[in-house]
Protein chains: 4
Amino acid sequence: MARPSVEAERREQILAATREVVAEMGFRAMRVADVAKRSGASTGTVHYYFETKRELMQAAFEWNFHASQARRTPVVEAHEDPRDRLRAFLDSYLPVDEVVVQSWHMWIELWTAALHDTDLRELNENVYGEWRRTVAGIIRDGQDRGYFVTGDPVLLANGLVSMVDGLALQVLLGSRSMTLEQMRRVCEQSVELILTEGS
Amino acid sequence: MARPSVEAERREQILAATREVVAEMGFRAMRVADVAKRSGASTGTVHYYFETKRELMQAAFEWNFHASQARRTPVVEAHEDPRDRLRAFLDSYLPVDEVVVQSWHMWIELWTAALHDTDLRELNENVYGEWRRTVAGIIRDGQDRGYFVTGDPVLLANGLVSMVDGLALQVLLGSRSMTLEQMRRVCEQSVELILTEGS
Amino acid sequence: MARPSVEAERREQILAATREVVAEMGFRAMRVADVAKRSGASTGTVHYYFETKRELMQAAFEWNFHASQARRTPVVEAHEDPRDRLRAFLDSYLPVDEVVVQSWHMWIELWTAALHDTDLRELNENVYGEWRRTVAGIIRDGQDRGYFVTGDPVLLANGLVSMVDGLALQVLLGSRSMTLEQMRRVCEQSVELILTEGS
Amino acid sequence: MARPSVEAERREQILAATREVVAEMGFRAMRVADVAKRSGASTGTVHYYFETKRELMQAAFEWNFHASQARRTPVVEAHEDPRDRLRAFLDSYLPVDEVVVQSWHMWIELWTAALHDTDLRELNENVYGEWRRTVAGIIRDGQDRGYFVTGDPVLLANGLVSMVDGLALQVLLGSRSMTLEQMRRVCEQSVELILTEGS
DNA sequence: AATGAATGAGATTTCATTCAT
DNA sequence: AATGAATGAAATCTCATTCAT
């Protein structure tokens with residue numbers, strides 16, 4: 001009788017290994033054998049948990065999404081003031097450490113893969129719905145309290161979330177003019193832009 | 001005897017075919033044989049012009065960049081007022097027709113490929129330097145004339161360009177909440193945000 | 001404590017499952033996992049009873065043989081007149097129900113497998129010796145009583161048994177011109193051919 | 001410019017190699033690599049001509065059918081008397097040489113494969129329609145001339161063709177009681193059975 | 001300048017078998 | 001007596017690249 005957690009643990013190990021490998025060499029170059037090696041299993045075992053490479057990647061994308069969400073939620077909820085919440089939210093996207101960097105790699109790969117895969121598009125739809133709703137909620141709250149300029153909060157949220165995507169992408173690409181520090185400043189300036197005079 | 005332009009023409013055909021194929025199925029799934037078929041040539045011929053697949057993609061990315069630039073420049077220069085220039089610039093990024101859509105596909109594929117390819121990162125660096133300089137120039141000009149709010153024009157330019165990238169990405173992904181029309185409105189709102197009171 | 005029949009029962013279950021699976025998807029496509037699932041056991045259990053897949057198939061072929069024999073014997077012995085015996089014997093080969101159909105599937109798979117497996121050839125030798133002896137006996141008896149035409153009873157028996165094999169094969173293959181009904185008529189006509197004028 | 005016959009030649013080589021390999025080790029055990037080696041090509045080349053192993057086998061079955069037909073037709077047409085035609089036809093099925101033996105191996109493999117493959121069943125349908133029509137024609141002709149006993153010629157044809165299948169199978173299986181010589185005698189006796197008294 | 005048949009290295013996938021429990 | 005997670009050897013298939021013509 002195997003411990004009931006063995007399967008779940010193994011699955012998680014493989015997904016974590018997948019994220020690491022994808023971050024390092026990209027989905028295109030990633031081989032199932034790489035994931036196997038990294039997770040200390042055989043290719044047979046990887047296929048025991050995920051029938052195809054495609055299924056493995058899909059699961060890894062979803063797993064990354066849930067992990068991101070779990071990391072983000074407490075960060076945002078730590079603040080009460082919508083201005084702080086917005087800043088904390090944007091801050092949590094800065095690729096400051098290995099985990100966030102790896103996570104960003106997964107998002108970028110997801111974008112490219114989703115362009116030609118209906119299931120992944122659906123995942124993207126969920127993911128962005130989630131972010132948009134969160135940010136729009138913060139902005140609406142801030143507008144109610146008079147901190148943020150008027151204007152459709154959904155449009156503002158979309159602009160901010162998309163900007164963060166574009167910025168992180170350039171940072172990940174190692175752009176000499178878009179460093180982590182630059183990204184931070186652009187984000188700060190963007191918040192300034194939507195703050196009302198007094199606040 | 002052969003017209004000297006034959007080679008150049010053939011090369012262009014292959015690059016155009018590459019863009020079409022990449023837009024349709026993605027770089028990952030694209031085979032040299034697909035490009036050959038699409039351009040009406042043999043795989044041998046494709047390799048006659050581009051030694052490796054990697055070289056073909058690199059050339060296609062560069063070709064796409066120059067084509068984008070050529071399309072963009074007259075659009076921007078058609079206006080004198082920096083506010084109109086900025087609006088025209090952003091407008092030219094909306095994925096309204098097949099050419100712009102295919103072009104966006106190439107950019108997105110470039111991002112992913114460049115994450116693990118130094119040469120392509122260099123290309124990205126050039127491309128973004130170009131856009132940033134253009135937009136920053138427009139903003140600086142607008143600030144000088146009092147149309148735009150104060151603030152580091154480079155930061156503002158980076159924010160705008162990144163936002164456009166992120167927005168186009170979601171439109172390309174067929175997001176139900178980020179349609180072409182939505183993207184247009186977000187862009188318009190963003191311009192409003194940096195306009196000064198009077199203008 | 002365990003009933004001594006438990007093992008025998010389990011074994012039988014697995015063999016029955018094997019016949020079902022082979023009939024449905026063929027030996028080539030059959031996986032040990034399919035047999036396990038069908039018999040409600042694990043792959044480990046299947047291997048507990050049959051060391052290798054080859055051994056499992058061999059046992060299943062033999063089991064099918066004995067089951068066929070057990071079904072056939074009372075049918076033939078129910079008649080005293082050799083003409084009736086022959087008709088009853090041929091009748092019992094018509095693929096009229098699921099059991100006979102599955103049994104035929106096993107024979108056909110055995111033929112193909114035996115072409116390259118000495119042990120299975122030996123099994124085939126036994127099986128056909130059995131049929132041939134039975135039919136030759138019936139014919140010899142009928143000739144003695146003046147019901148059947150003269151001629152080497154062994155040759156006649158071989159002709160009949162082989163014909164039945166060939167006919168059943170075409171019926172199993174769903175041939176539009178060799179239906180169950182057609183097969184029945186061919187068998188009847190063949191019996192007529194060896195009957196003497198008066199009988 | 002390659003010779004136009006190169007492709008056809010190469011294809012034929014691969015199909016011939018397939019028949020040899022299938023006859024030797026069976027479809028189940030046959031690997032694409034075996035066919036490649038036998039035909040002096042690489043596995044890549046085999047796949048260049050036949051996308052999948054299944055397609056290769058299908059083509060090999062069809063090729064074998066056409067080759068059999070081509071071998072058989074002149075043999076039958078060499079005789080005018082329906083009794084000779086029938087004898088010549090049955091004779092041509094005796095596994096007397098390597099080619100006929102290999103051909104029989106292909107038929108047997110076809111049967112088993114066709115049980116679970118619609119396309120192959122269709123091929124079997126064509127093949128048997130062909131044989132049945134030929135034999136029924138010969139019998140009908142013989143009956144018109146008073147050489148053969150009365151009775152449905154289609155039933156008689158089916159009985160004969162099926163018998164030959166069953167007999168050849170046992171010969172191929174190396175049955176000690178069904179040798180080539182035995183098969184020949186059973187066939188002769190069967191012809192005797194349908195001859196009228198005087199002829 | 002162009003071809004396309006042929007290659008072979010390498011990737012995914014399958015599955016009988018094992019073994020710790 | 002039974003399990004089923006894990007394995008790894010082996011098979012199919014893919015495709016960028018080459019080269020004789």
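Here the structure is a predicted model, which means the values were calculated and not measured. Each chain gets a letter, A, B and so on, in the order its sequence line appears, and its residues count up from 1. Any value given below was found using the heavy atoms of this structure, including those in side chains, with hydrogens, waters and symmetry copies removed.
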Starting at CD of Q13(C) and ending at P of dA2(F), how long is that distance when rounded to a whole Å?
9 Å
R10(D) side-chain N/O to dA6(E) phosphate OP1/OP2 under 4.0 Å:
yes
Between R19(D) and E24(D) (salt bridge meaning N to carboxylate O under 4.0 Å), is one present in this structure?
no
On DNA chain F, does the nearest nucleotide to A29(B) precede the nearest nucleotide to R31(D) from the 5' side, or the other way round? Give the residue.
R31(D)
Just the dot-bracket of DNA chain F, please: which string comes out with Watson-Crick or G-U pairs under 3.5 Å, [ ] for crossing, | for another strand?
.||||||||||||||||||||
Are N64(B) and Q102(B) side-chain neighbours, meaning at least one heavy-atom pair lies under 4.5 Å?
no
Basic-acidic side-chain contact under 4.0 Å: K37(A), D34(A):
no
Testing the basics here: between T43(B) and A36(B), what is the closest heavy-atom pair and its distance to 0.1 Å?
N-CB, 3.6 Å
Integer-rounded Å distance: dA5(E) P and I14(D) CD1
12 Å
Between the side chains of R28(D) and E109(D), is the shortest nitrogen-to-carboxylate-oxygen separation below 4.0 Å, so that they form an ion pair?
no
Please indicate whether E51(D) has more than 12 foreign heavy atoms, meaning atoms of other residues, nucleotides or ligands, lying under 6.0 Å from its CD.
no
Can you sort out which residues in residues 42-57 of chain B have a heavy atom within less than 4.0 Å of DNA chain E? Ascending by number, please.
S42(B), T43(B), G44(B), T45(B), Y48(B), Y49(B)
Side chains of S42(B) and Y48(B): closer than 4.5 Å at any heavy-atom pair?
no
If we only count heavy atoms from C-beta on, is the L120(C) to M57(C) side-chain gap below 4.5 Å?
no
Between CZ of R28(D) and P of dT14(E) the distance, given in whole Å, is 17 Å
Between C1' on dG10(E) and CE on M30(A), what's the gap in Å once rounded to a whole number?
15 Å
Between A33(B) and V32(D), name the one whose nearest nucleotide on DNA chain F is closer to the 5' end.
V32(D)
